2 protein chains.
Amino acid sequence: MIFSKTTEYAIRILTYMATDYEKLYSAKSIVDKLNIPNKYMRRIMTNLSKSNFIMSIQGRDGGYKFIKSPDNIYLAEIIDSVDGIDKYMGCVLGFNECSPKSTCAMHKSWTETKEKLYNTLSKTSLSNLIKNTIDKF
Amino acid sequence: MIFSKTTEYAIRILTYMATDYEKLYSAKSIVDKLNIPNKYMRRIMTNLSKSNFIMSIQGRDGGYKFIKSPDNIYLAEIIDSVDGIDKYMGCVLGFNECSPKSTCAMHKSWTETKEKLYNTLSKTSLSNLIKNTIDKF
DNA sequence: ATAAAATACTACAACAAAGTAGCATATAAA
DNA sequence: TTTATATGCTACTTTGTTGTAGTATTTTAT
Ligand code: SF4
Ligand code: SF4
């Protein structure tokens, strides 16, 4: 997998929640629907609640709901929030940084590839994702 | 990092070796030059020797050398040899496979992105990489 | 107030990836 | 044939990620 499990799970959870984006989802209802380990998922939810995407409501009848429209939540933001997008935007050879005078032949095409990837991620919103996914959950 | 450390190291080693592609390189000479943990690098070399890129010569005055021109060794092959390219060609959401009738809106752009990535990797040879990298080693 | 139903927190367990150590084996030069 | 110098192999350690367990806290309904 290109991204970490945690990131994959986060995207799946948020995508599922976006199918009825004003609803309040309990952790239990999400676990029952998606195939994500219970307690691990709780932790992800708690972390996501500290983001600007969703909020948690504690206590009886609590759960999670969006505080920002899924129209305006993009994959790149989610990945950045969970893992930090930089983790996936590094050099192929693992070098931290190359000075302009020592760029290798890979650099240009590699940079373009990464930009294309980043563009895809930063232009795809949760709302985009759920179109045509009725069969998925 | 997008790729595993092992893959990054493999690419760096082979790229370095390609700068003088007919030379026999001892493990020690590579370790001294590149910043890769000694024994870990040895293991990578042994594994690479079982690939079709390089061979090892044991015993005194031994080392490693190419058995295939770096002109014809592409990054995609190296990645495939070390980690298996499939590891990096999966779905963003971590799903194994989606039936044609349940593809999500992400699928098309994601597939395109992956293809672009794969194209870059499968068209960039080691020889391509070393051009303009004299400062690097 | 109390109980029920939810999330939050903390510590631990299991697993995989990365890195280390030591000994075995191979080979060429002396 | 011995020695020096190289790679090969196997088991271990460390570190990071993924997953589990139990308890604490929060809040609503009764
Ligand atoms: S120049 Fe080459 S080695 Fe340096 S960051 Fe760019 S791709 Fe990596
Ligand atoms: S349709 Fe969507 S969820 Fe399915 S494999 Fe393609 S990108 Fe992944």
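Keep in mind that this is a model prediction, so the values were computed, not measured.
For B/Ser125, the side-chain hydrogen bond (donor to acceptor under 3.5 Å, both in side chains) partners are B/Asn128, not counting sequence neighbours. Residues satisfying the side-chain hydrogen bond (donor to acceptor under 3.5 Å, both in side chains) criterion with B/Thr6, sequence neighbours excluded, are B/Tyr40.
Taken from OG1 in A/Thr7 to CD1 in A/Ile85, the straight-line distance is 8.5 Å, to the nearest 0.5 Å.
Looking at B/Thr120, its side chain does come within 3.5 Å of a backbone N or O of B/Lys116 through a donor-acceptor pair. Put simply, the side chain of B/Tyr25 gets close to the backbone of B/Asp20: a donor and an acceptor are under 3.5 Å apart.
Across the helix from C/dA1-D/dT30 to C/dA30-D/dT1, the helix axis at one end is tilted relative to the axis at the other end by 10° (nearest 10 degrees, each axis from five pairs).
In terms of phosphate contacts, A/Tyr9 brings a side-chain nitrogen or oxygen within less than 4.0 Å of OP1 or OP2 of D/dG19. Note on B/Thr6: a side-chain N or O is less than 4.0 Å away from OP1 or OP2 of C/dA18. Put simply, B/Ser26 has no side-chain N or O that comes within less than 4.0 Å of OP1 or OP2 on D/dT5.
Side chains of B/Asn38 and B/Arg42: a donor-acceptor N/O pair is present below 3.5 angstrom, by distance only.
For A/Ala27, counting side-chain heavy atoms from C-beta on, the closest listed nucleotide (C/dT20, C/dA17, C/dT7) is C/dT7.
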I'd like a list of close polar pairs between nucleotides 27-30 of chain D and the protein, N/O only, cut-off under 3.5 Å.
unit_1, atom_1, unit_2, atom_2, d
D/dT27, O2, A/Arg60, N, 3.2

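Residues from residues 38-55 of chain A with heavy atoms under 4.0 angstrom of DNA chain C, sorted by number: A/Arg42, A/Arg43, A/Thr46, A/Lys50.
Cluster partners of A/Ile57, by chain and number: A/Leu24, A/Met55, A/Ile67. The rule joins Ile, Leu, Val, Met, Phe, Trp and Tyr whenever side-chain heavy atoms lie under 4.5 Å apart.
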